[in-house]
Amino acid sequence: MNAGHADFRADGSTANAGAKRGAQVNRLSGGLVNSAKVMNFTFDGKAFQGYEGDTLASALLANGVRLMGRSFKYHRPRGPLTAGSEEPNALVELRSGGRQEPNTRATVAELYEGMEANSQNRWPSLERDFMSINDRFSNFLTAGFYYKTFMWPAAFWEKVYEPIIRKAAGLGRLSMEDDPDAYDKGFLHCDLLIIGAGPAGLAAALTAGRVGAQVILAEEDFLLGGRLNAESFGLGDISGAAWIAQVCDELAALPNVRVMPRTTVVGAYDHGVYSAVERVADHVLAPEVGKPRQILWRIYSKRALLSAGATERPIAFENNDRPGIMLAGAMRAYVNRWAVTPAQTVAVFTNNDDGHRTAADLIAKGVKVTAVVDTRADAPKVEGVELFAGAQVIDTKGRLGLTSVRLRLASGITRDIPCGALAVSGGWNPNVHLTCHQRGRPAWREDIAAFVPAGELPPGMSVIGAANGDFSTAAALRTGAKGAVAALSDLGIAATVAELPQAEDAPVNLQAFWYVKEGKGRAWLDLQNDVTVKDVKLAHQENFRSVEHLKRYTTLGMATDQGKTSNMGGLAVMAELVGKQIPEVGTTMFRPPYTPVAMGTLAGRSVGEEFRPTRKTPSHKWAEEQGATFVEVGMWLRTQWFPRKGETHWRQSVDREVLQIRKSVGICDVTTLGKIDVQGPDAAEFLNHIYANAFGKLAVGKVRYGLMLREDGIAYDDGTAARLAEDHFVVTTTTANAVLVYRNMEFARQCLWPDLDVQVISTTEAWAQFAVAGPNARKLLQKIVDPEFDLSNEAFPFMGCGEVTVCGGLRARLFRISFSGELAFEIAVPTRYGDGLIRALMQAGEEFDVVPYGTEALGVMRIEKGHAAGNELNGTTSALNLGMARMVSKKKDCIGNTSSARAGMNQDDALMLVGLKPVNSTDPVAAGSHLMNAIGVVSAEADQGYITSAAYSPVLGCSIGLGLLKNGGNRKGEILRAVNPLEGREVEVEVVSAHFVDPEGERLRA
Amino acid sequence: MHSLKAITPLGGTCPQIDHFDGLLISENSDRALASIAARQGREAECSAAVQSILGLKLPQPAKWSIGGAYMAWWMGPDLWMVDADHTDHELLAVNVKRAVGSVGSVAEQTDGWCRFDVSGARVLDVFERLCNLNLRAGEAGDAHRASIEHLGCFVLCLEAGAKYAVIGPRSSAGALHHALLTTAQSVI
Amino acid sequence: MIINHPILGPRDAQEFTYLGDAALIDRPDWQADNAAEAFHDYLYLRDNPAGEHRELWFHEQGDRSWLVVTRNTVTHDILNVELARDVARARGRRK
Amino acid sequence: MRYSGLKVIKEALTGHNGWRPSWRNPEPKPQYDVVIIGGGGHGLATAYYLAKNHGITNIAVVEKGWIGGGNVGRNTTIVRSNYLLDGNGPFYEFSLKLWEGLEQDFNYNAMVSQRGILNLVHSDAQRDGARRRGNAMILNGSDAELLDAKGVRAMYPFLNFDSARFPIKGGLLHRRGGTVRHDAVAWGYARGADMRGVDIIQNCEVTGFRIENGKCLGVETSKGFIGASKVASCVAGSSSRVMGLAGMRLPIESHVLQAFVTEGLKPVLDGVITFGAGHFYCSQSDKGGLVFGGDIDGYNSYAQRGNLPVVEDVVEGGMALIPALGRVRVLRSWGGIMDMSMDGSPFIDKTHIDGLYFNGGWCYGGFKATPASGWCYAHLLATGQPHDVATAFRLDRFRHGRMIDEKGQGAQPNLH
């Protein structure tokens, strides 16, 4: 057994914890733990036992373990400073594998049977950490030293210095395995949200609950009661625990009160919205199957009461960071609630009366208190212990755990006091954090030497109890009840202050004392980030004096506790250096979350394939049966192609589909295109505003292609409008823009032309729509459409539309429109029959060797036909760029026409849509290639445009592309280079018409 | 009678039903829907026509109402969704249009939506994980729109605290159903 | 944020889509002599106050109303909510 | 004082008494050649380059609060040159080249770390777009590599390849992109400018401009009038407010962008990754925290805070991309005010008021632009002419239909 190992167990006990299983050497009697229920757990592989009700920290302390972590920078040995979520030192990796959870505060990790915890940020072991060598070089590693060095040679930062720094930095490890647990979200509504169930919160909950208000009482801890659980005094004639039990029973019986333990309110957002995290299953080995680990609640509150208590603050002195040195209130919590003492002999260092309670409670539990060191010359006496008034702790000893403290007595002499633990109290800081999440800036209260809530609190919030600087139990109860009455009164709910028990009402007696000036060594302010008093002095010396500069330069307050235990000390030191009062120096901003929140919790159920909902087409089930390959198109899953047996490459499938459509007929599910129903006497006039081209004179039974511009003259969507009746159009949009077009139409209807009598509604999903394309399209459809409908070219010409029936009487809509350039129709039936229709169409098409086709074939055919699509309508192209300048009507007021006339959008060399064909037909054309003149340099300045879309055309037997080319309208026949330096390719292409197939449109009019 | 077979939004030939302890989730595919938008300045006439011909009083904002064989819920200013049994009223839109004539714009909406009826003792516990509606404070007759799992859905309170209808976009029926099931599992 | 919808009462702002300055209602006359300049100002020079701002929100996940919300951009306090259609008519917009 | 490893050692051995203030705290003089409004990254860089490149040192930088407290103090620290359009590409490439030599130039270790930026693509159309962008980058002298899904997996095996809603199909890798310690940029420029005689005046708020006969004579401040031959506004987020004092309306809206940092972790993420099917980007700082962000909240705001839905949306994107992040805790979130311009691109220009200059509209891309913005603004202030790589950033470009719209969203600032 080495000496170091001996140190990390309190009071020099040299027993090996693993060997002495079950030996809870520092367990006291009583407390709120269930000693009948023993829990086995391991820490760094060693087996220990604790009790139900323990935290990992309390159980380790019970087992005599004080050393629980290492600091960030110097790798100093550290034990728990606190007994709560503000813990900066005792951070562990909890669990393993995909559930490994770094930086878990041992002080709030509820013990469960089989808990597996490991220390972190150390190598090879917690006791012997190689990186603690940093501590030896701390004089070189002062605040901001890295800004001043590692600059030469220039390349060395990334190659040498940074990797070393990076490797050394960070705290716990993430497994990088997928998190196997589920998370959930929820929404709650209440009249009154009470944040914290200490005495103030409980009194408020009782007051509001009794009058029937909808109350949510959220408590971070797994026990209600707050500090009452940690103190020895009672309420009235009963113990704190007994009073809490009474209150809990009463609240549980009130259906209008929702008590939420293990729930931390972490953020205060606008208009009374709060976020809260409920830890549903962190206190068990693993969540039940299907049950969440944690829930993120979004709480909509009418009023909120912040009763989040206060956090004790340390005093900085030389070597004030050794395991065993902890906050006095935390030590009291360990003693009273968990029946654990961190060591068998303890000393106390305080600047206020509250510290004396720790001594008294320790003594009451039979722990030896060797000294109470009080900075106040007039400190009150404590029963049964030696008091050193006007004294200071100036240094400590103990490599892996405290063994003694050195005092400077009022008389000036020094004295060493042996102890395994030191309780430190520098006073308490109200937990004002949530009051600052919006605009609140706390104000200084001299009597308690602390910031209290002030300024603009989040609207609807008020603060009660210790969070407001009212530290006594009686004050907490009183302000809690009164706060509830006031909050409810705002809401018109009458309530009266509940009868409250007698409670401790001690005044705060405190003399502000922040750090011990004596000593040349280091006195820690931020224990996790290793920021010392010296670092603050250096920041001051280098003019990093504003609080934000101080924070950023030294990293003070940037640790996982976000400065809860460190900010005040740093501020106080800086205030002294600049010769100002603390409130003049200011505070740094508290930002959400109040305590760190797992990303899984914030994401909830929106993970993996459920990240966003999937939209499926009416033919999805059928397509699956065909073995289709699917692709995400926005939220939709569409068929990409339908592979057939023997096809080993997607191109084989796609080429086959295209050729067969052009030869005979194919069918494609086009339901995803947006369908907006536009009705009303002014529908045509409305569409005239919406579309760049004119719609007023479109005849009933006809369809027209339309281009929509943004008000800035850029094209954003295209589609068709079919006039089903004088006052009824069906507008189609691209799949991607259905929502946007609808929104814009509503804007035009409600905000721009509010008196137009027009009604719009989306019917995208109501109709299953299929394109039937190819020379045999009519023949095929005639087999499906009921015989009384004439589909001949004369009766149903290109761009015709009408209502028909199919398959013996089912209502359907038929549109003769073509994206492929072939004779084509689109037929729509109510969605529930879409599956039936595709089966019927395929069966009817057997004699024509009909093929189903997907988005790839669709894409190939539209490129062959020169139709602009998403790659061309990319938000930067105008009608002019797309070759549709003439469509923009100058005779009517349509959105975008005025702005599209701006000079910069109408230059002679404006980009124009062209077709591009490789000079060497075997060369591939790649979308995203840039166009350069045939001769000359390849450079950004020489750029002539770019290829927007490309595909292999099985009809032409070569790759083809569409591109946007400067002055493209006048460059047909020119040879250009399509350069793609990204992939090291360059292809000679010829500028051709964008209509590669059937430029005269004979096929689609057939 | 035509020869095409219908499938439900979840893709089955008959509606899917899922049981939990204290919760029942049933796909309801037997609804016909048609939207009515009153023409400008004809709002009163439109409501009157619906009432006199269909026997249905169109509901106030955020409410649903029932009349004869029909039910309707408010969707937006001067915009309602009318609902009836699909089996008996497959051509609901045609009939509604006949009723309102030129004072209203009617669109067939039947298959734009999927519907799940969610009922049982745990129904409110499930909904508080699904959407931000304050259903505990609501009453039968409420008709809200809410975002559930990123989907815009109507939530109708059929029986306060006991039975609700969730009506969401049909193409996402699977995603909505999945959300209902996982939430139910999470809660129950 | 919570927007107090004039018809539906308080609704989470998450249900809405934001557009911007309510001046976007005041679309210029396309036939005016200074139409080009007017459209430039309309499109590109919007109010951007630190304080009260009248702005357009669309209740996309709700009743599809466009609203004019008067909101303080510093405090996020919402002072007034109106149906945009009413505002548009009040500002003289017709067919 | 020159910083070096040797100096650090010397000071460590002699009690650190030799360190001097990084900048002075001077009182304003009555008159300067140039007054720069805004002590953020761009303002301080402008002062630095005016002094260093043009020998103009009679400069004051006036800052309302503490220097570096604007967007340079609260961003996600990414630098890159992966722009698509002509107006932007050369500028950002110039900026990245300046980053590459910055630390040696201003003798301050800003931890410029070219860890690589990977923009993921999830569809064929996105791949086409990435190819066009990658080629534009290379043509502008930047670097780009197009990866397929296999290439991405080799780099980052922990991304969601197997159960993603939007599968990763590849990515555009920009190796020279990376991160920079943001605060250090402000401090390095401030120190460099101060050493050359620039007065940095903190806690000095500009309350108005003194404009006579169409000429700007100086600024009214909380510390009194400060005269200047040239006044240069450089106040990202507050541009509309400040220029409003001069009676100007700008094609800018102010929006809030939230950013996030997690608790420190041992290294897991080497480079910067951006999700292509949601709004999420992430890197890991040298301290170990994952730094990430996503979309702006989307409504005009001068409150430096956002709201919960965007927090959830951003993290959903993160979890969709990297399912292993479930147990990492978000430590802090914050909001910064962005000057969102009408086309997503910035302005560096003269105004119609003689002697008054404007730099702003950086949207959420201003940090990476810091060196070039300062350099080009200094060039404009010193020579009266726009710098070659910043000729497109004109205030009147919308009037002429010459938008620089990388995202193709049009005049809707919250979508850029």
Indicate whether any N or O donor in one side chain lies under 3.5 Å from an N or O acceptor in the other, for [X] and [Y].
X	Y	answer
A:Gln907	D:Arg402	yes
A:Tyr269	A:Arg298	no
D:Arg191	D:Asn107	yes
D:Ser163	A:Glu609	no
A:Asn874	A:Thr876	yes

Heavy-atom distances under 4.5 Å only: say whether [X] touches chain A with side chain, backbone, both or neither.
X	result
D:Arg24	backbone
D:Gln409	backbone
D:Asp343	neither
D:Arg332	both
D:Asn307	both
D:Leu265	both
D:Ser285	backbone
D:Gln114	both
D:Ala277	backbone
D:Met342	neither
D:Asn160	side chain

So do the side chains of A:Asn139 and D:His16 get within less than 4.5 Å of each other, counting heavy atoms only?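 Contact flag for A:Asn139/D:His16 side chains = yes.
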Contact between A:Arg552 and A:Phe544 at the side-chain level, heavy atoms closer than 4.5 Å - yes or no?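 In short, these two side chains do not touch, never coming nearer than 4.5 Å.
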Quick check on [X] against chain D: is it the side chain, the backbone, both or neither that has a heavy atom closer than 4.5 Å?
X	result
A:Tyr553	both
A:Asn121	both
A:Leu174	both

What orientation do D:Trp19 and D:Tyr3 show, parallel under 30°, tilted 30 to 60°, or perpendicular over 60°?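 Taking D:Tyr3 first and then D:Trp19, their aromatic rings stand perpendicular (interplane angle over 60°).
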Flag the one option from [options] with the top tally of heavy-atom pairs under 4.5 Å to chain A.
options	value
D:Arg131, D:Arg327, D:Glu145	D:Arg327
D:Gly134, D:Gly288, D:Ser22	D:Ser22
D:Gly188, D:Ala110, D:Pro167	D:Pro167

Contact winner vs chain D - [options], heavy-atom pairs under 4.5 Å:
options	answer
A:Thr601, A:Val273, A:Leu296, A:Leu602	A:Leu602
A:Glu101, A:Gln100, A:Glu158, A:Glu177	A:Glu158
A:Glu632, A:Met905, A:Met151	A:Met151
A:Ser929, A:Ala903, A:Pro102	A:Pro102

Which residues pass the salt bridge (charged side-chain N to carboxylate O under 4.0 Å, His left out) test with A:Glu162, sequence neighbours left out?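 If we apply the salt bridge (charged side-chain N to carboxylate O under 4.0 Å, His left out) test to A:Glu162, skipping adjacent residues, the hits are D:Arg115.
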A:Arg545: partners by salt bridge (charged side-chain N to carboxylate O under 4.0 Å, His left out), with sequence neighbours left out: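 So A:Arg545 forms no salt bridge (charged side-chain N to carboxylate O under 4.0 Å, His left out) with any residue.
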For D:Glu263, is there an ion pair with D:Arg329 - N to carboxylate O distance below 4.0 angstrom?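 Yes.
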Counting N and O atoms only, with roles assigned by atom type, does the side chain of D:Gln284 sit under 3.5 Å from a partner on the main chain of D:Leu269, one being a donor and the other an acceptor?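 Present.
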Does the ring centre of A:Phe137 sit less than 6.0 Å away from the ring centre of A:Phe145?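 Not close enough - the centres of the two rings lie 6.0 Å or further apart.
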